[in-house]
Amino acid sequence: MDQSSITDRWLKVLEQMAAAARRAGRAPDSARLLAVSKLHPAHDIRALFEAGQPMFGENYVQEALGKMAVLPREISWHLIGHLQTNKVKSVVGRFALIHGVDSLKLARSLHCQAEAMDLTQDVLVQVNLAAEKQKSGIFEADLPPLAEFLAGSSFLRWRGLMLMPPFFDDPDRARPYFARLRELADTLRTGFGLALPELSMGMTGDFEAAIEEGATLVRIGTRIFGERGSN
Ligand SMILES: *Cc1c(COP(=O)(O)O)cnc(C)c1O
């Protein structure tokens, strides 16, 4: 897609996000856009950054590091894909926010790497609310020890929760999952006395429903950049 149509689509998404927030009685800027640029070329990211989009989400560590090397340092990068423990060394300190923390083992490994580098890494916990076996995300039942660990880590700053609900054609069917994530965050806030300000939920097909249910970060790729090819 040419870059002016990417920018037009991006502006449209921002308008739709603000409208969804207003419908829910929220401030129009209370949900922020993470532009998901995986499998899209660096020049499209640069054009959108120059138009005013500050945050980009990537799934694959090598691809993301390659883009970081050639794009402006001011871009804020988020890692949204499944993270394997053997990639931890390459990601800590490079991403403003890691969305996919979903096991105690991964959290420990991130903590150790952040400690070794003497920095604080922001993270979200990805929750698999529907307990879908083939998908990433921690099951709710397994959350307490991970939550305890993150609450006590001085090198990881736990910022909230991330969700990939089951796929539905009708976004209204994802709503109960969005609402449940928000309730879970409320419970954890009270239980641990943490701020947990971020709810990362909503994608191309369902971001308006997600904002109506409380999303603070929506992760949108296709709606902005068009269909993804292979890289
Ligand atoms: C690819 C991806 C997105 C963006 O999906 P679109 O449907 O293209 O908006 C959002 N979140 C995660 C975790 C992804 O992997």
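This chain uses plain numbering: 1 for the first residue, then up along the sequence. One-based numbering, in listed order, for ligands and for the atoms of each.
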When you compare ligand 1 with G221, is there at least one nitrogen or oxygen pair between them that comes in under 3.5 angstrom?
yes
May I have the step-by-step check of side-chain contact (heavy atoms from CB on, under 4.5 Å) for F225 and L48, ending in yes or no?
CA-CA 10 Å; F225 293 105; L48 203 54; 3.8 Å; yes
Of all protein heavy atoms, the one nearest atom 9 (O) of ligand 1 is T204 OG1, 2.5 Å
Of all heavy-atom pairs linking V70 and A42, the shortest is CG2-CB, 4.0 Å
Against ligand 1, does H99 come closer than 4.0 Å with any heavy atom?
no
Below 3.5 Å, N or O to N or O, backbone or side chain included: is there any such pair between R223 and ligand 1?
no
Might you work through the side-chain contact (heavy atoms from CB on, under 4.5 Å) test for L194 and L188, ending with a clear yes or no?
CA-CA 8 Å; L194 295 169; L188 292 165; over 6 Å; no
Measure the distance from atom 5 (O) of ligand 1 to every protein heavy atom, then report the residue, atom name and distance (to 0.1 Å) of the closest one.
M203 CE, 3.4 Å
Atom 11 (N) of ligand 1 [closest protein heavy-atom partner, distance rounded to 0.1 Å]:
R219 NE, 2.9 Å
Indicate whether the side chain of H43 and that of Q3 have a donor and an acceptor atom separated by less than 3.5 Å.
yes
Ignoring hydrogens and geometry beyond distance, is a side-chain donor-acceptor pair present between E227 and T222 at under 3.5 Å?
no
Starting from atom 12 (C) of ligand 1, locate the nearest protein heavy atom and write down its residue, its atom name and how far away it is, to 0.1 Å.
I80 CD1, 3.5 Å
SB check K12 E15 (cutoff 4.0 Å)
no
Identify the protein heavy atom lying closest to atom 8 (O) of ligand 1, giving its residue, its atom name and the separation to 0.1 Å.
T222 OG1, 2.5 Å
Which residue supplies the protein heavy atom nearest to atom 2 (C) of ligand 1, what is that atom called, and how far is it?
K38 NZ, 2.4 Å
Is the shortest side-chain N to carboxylate O distance from E63 to K38 below 4.0 Å?
no
